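What you see below is based on every heavy atom in this structure, not just the backbone, and it leaves out hydrogens, waters and symmetry mates. None of the values given here were measured: they were computed from a predicted structure.
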Amino acid sequence: GTGIVVLKRLTDARRDDDRVYATIRGTGVSSDGRAATLMSPASKGQVLAIERAWHAAELDPASVGLIEAHGSATRAGDSVEIATLRHVFEHDDAGAQPPVGLGSVKSNIGHAMPASGIAGLIKSALALHHRVVPPTLHCEEPHPDLGPSRFEVVGAARPWDDDGGPRRVGINAFGFGGINAHV
């Protein structure tokens, strides 16, 4: 698969009267470092990528409204990603925090290998632009590690109300060999 986006400084896009679908406030990348195997994800590396992105954005991760997960649909990959999300985006009072929608574009288009990251970015930009929290398909039984948490798999499209604050999405792309990226 292939996905293409046009990135432009916000001031230039506004000056040129371009349609802006979303604004990227911060990005972060990391490596899991030395791992048992090429296919063994590590939460420590994923946490680092996410924290770097939110630090670069100068935003509180607790303000996220939607997570576009990597969503490998593997037992190890999803368990590690859920642990990562809970570590970064939940606090001790998770029940008092607003819920966060959780989805993965892979449920809509398949794995798409390296193109899944850009597909997740496109999906997220369209969600922000149209003010709609998009659904995740084929997830009738969410992963048990989600348990009682802030995260809820989005089963059906719903309006994304402003609730007085900005709409914010975090996008994960975690790859083979422990490369991690978050926007």
Original post:
Side chains of Val132 and Leu126: closer than 4.5 Å at any heavy-atom pair?
Top reply: no
Subject >> Smallest separation among heavy atoms of Pro142 and Val153, with atom names >> reply: CB-CG2, 4.0 Å
Subject >> Test item: Arg52 side-chain N/O and Gly28 main-chain N/O as donor-acceptor pair under 3.5 Å >> reply: no
Subject >> NE2 (His111) with more than 12 external heavy atoms under 6.0 Å >> reply: yes
Original post:
Of Asp17, Asp12, Asp18, which meets side-chain hydrogen bond (donor to acceptor under 3.5 Å, both in side chains) against Arg15?
Top reply: Asp12
Original post:
Out of curiosity, does Val183 fall in the hydrophobic cluster containing Val5 (side-chain heavy atoms, cut-off under 4.5 Å, transitive links)?
Top reply: yes
**OP:** Using atom types as modelled and distance alone, determine if a side-chain donor or acceptor of Ser72 lies under 3.5 Å from a backbone N or O of Thr74.
**Re:** yes
Subject >> Minimal non-hydrogen separation, Gly101 against Val154, with atom names >> reply: CA-CG2, 3.7 Å
**OP:** Could you walk me through whether Lys44 and His87 pass the side chain to side chain contact (heavy atoms under 4.5 Å, CB included) test, one step at a time?
**Re:** CA-CA 10 Å; Lys44 182 178 176 183; His87 176 84; over 6 Å; no
**OP:** State whether a side-chain donor-acceptor pair under 3.5 Å links Ser104 with Thr136.
**Re:** no
Original post:
Between Val29 and Ile118, is there a shared hydrophobic cluster once you connect ILVMFWY residues whose side-chain heavy atoms come closer than 4.5 Å?
Top reply: no
Subject >> Student check: side-chain heavy atoms of Lys123 and Pro134 closer than 4.5 Å >> reply: yes
Original post:
Cluster question for you: counting only ILVMFWY and a side-chain heavy-atom cut-off of under 4.5 Å, with indirect links fine, are Ile109 and Ile171 together?
Top reply: no
Original post:
Do the side chains of Val133 and Val105 join up, straight or via other hydrophobic residues, at under 4.5 Å, putting them in one cluster?
Top reply: no
Original post:
Do Glu68 and Asn172 have side chains that get closer than 4.5 Å, going by heavy atoms?
Top reply: no
**OP:** Give the other cluster members for Ile4, using side-chain heavy-atom distances under 4.5 Å between Ile, Leu, Val, Met, Phe, Trp and Tyr residues; answer none if it is isolated.
**Re:** none
Original post:
Between Pro41 and Val80, which heavy-atom pair has the shortest distance, and what is it?
Top reply: O-CG2, 3.9 Å
**OP:** Decide yes or no on salt bridge (Lys or Arg N to Asp or Glu O under 4.0 Å) for Arg86 and Asp145, but give the supporting numbers first.
**Re:** CA-CA 10 Å; Arg86 294 189 77 170; Asp145 289 352; over 6 Å; no
With a 3.5 Å cut-off and sequence neighbours excluded, list the donor-acceptor pairs that the side chains of residues 58-66 form with protein atoms.
from, atom 1, to, atom 2, distance (Å)
Asp60, OD1, Ala62, N, 3.0
Ser63, OG, Asp60, O, 2.7
Ser63, OG, Arg168, NH1, 2.9

**OP:** Check whether the side chains of His182 and Trp54 place a donor and an acceptor atom closer than 3.5 Å, and report yes or no.
**Re:** yes
Subject >> Any Arg19 side-chain heavy atom under 4.5 Å of His129 side chain >> reply: yes
Original post:
Would you say Asn180 and Asp32 make side-chain contact, with heavy atoms under 4.5 Å?
Top reply: yes
**OP:** List the steps and the verdict of side chain to side chain contact (heavy atoms under 4.5 Å, CB included) for Val6 and Tyr21.
**Re:** CA-CA 10 Å; Val6 175; Tyr21 287 89; over 6 Å; no
Original post:
Do side-chain atoms of Arg167 reach the backbone of Trp160 as a donor and acceptor pair under 3.5 angstrom?
Top reply: no
**OP:** Using the side chain to side chain contact (heavy atoms under 4.5 Å, CB included) rule, take Phe151 and Ile67 through it: C-alpha gap first, then chi angles, then the decisive distance, then the call.
**Re:** CA-CA 9 Å; Phe151 301 99; Ile67 292 290; 3.9 Å; yes
Subject >> Non-hydrogen side-chain atoms of Arg150 and Pro99 separated by less than 4.5 Å >> reply: no
Original post:
So, the side chain of Ser30 versus the backbone of Leu48: is there a donor-acceptor pair under 3.5 Å, distance only?
Top reply: no
Original post:
Any Lys/Arg nitrogen of Glu81 or Arg75 sitting under 4.0 Å from an Asp/Glu carboxylate oxygen of the other?
Top reply: no
Original post:
Counting N and O atoms only, with roles assigned by atom type, does the side chain of Ser149 sit under 3.5 Å from a partner on the main chain of Leu146, one being a donor and the other an acceptor?
Top reply: yes
Subject >> Leu10 with Ile24, same ILVMFWY side-chain cluster at under 4.5 Å >> reply: no
Original post:
Is there a side-chain contact between Asp16 and Lys8 (heavy atoms, below 4.5 Å)?
Top reply: yes
**OP:** Look at the side chain of Lys106 and the backbone N and O of His70, then say whether any donor-acceptor pair between them is shorter than 3.5 Å.
**Re:** yes
**OP:** Over all heavy atoms of both residues, which pair between Ala56 and Gly26 is shortest? Give the atoms and the distance, please.
**Re:** CB-CA, 4.2 Å
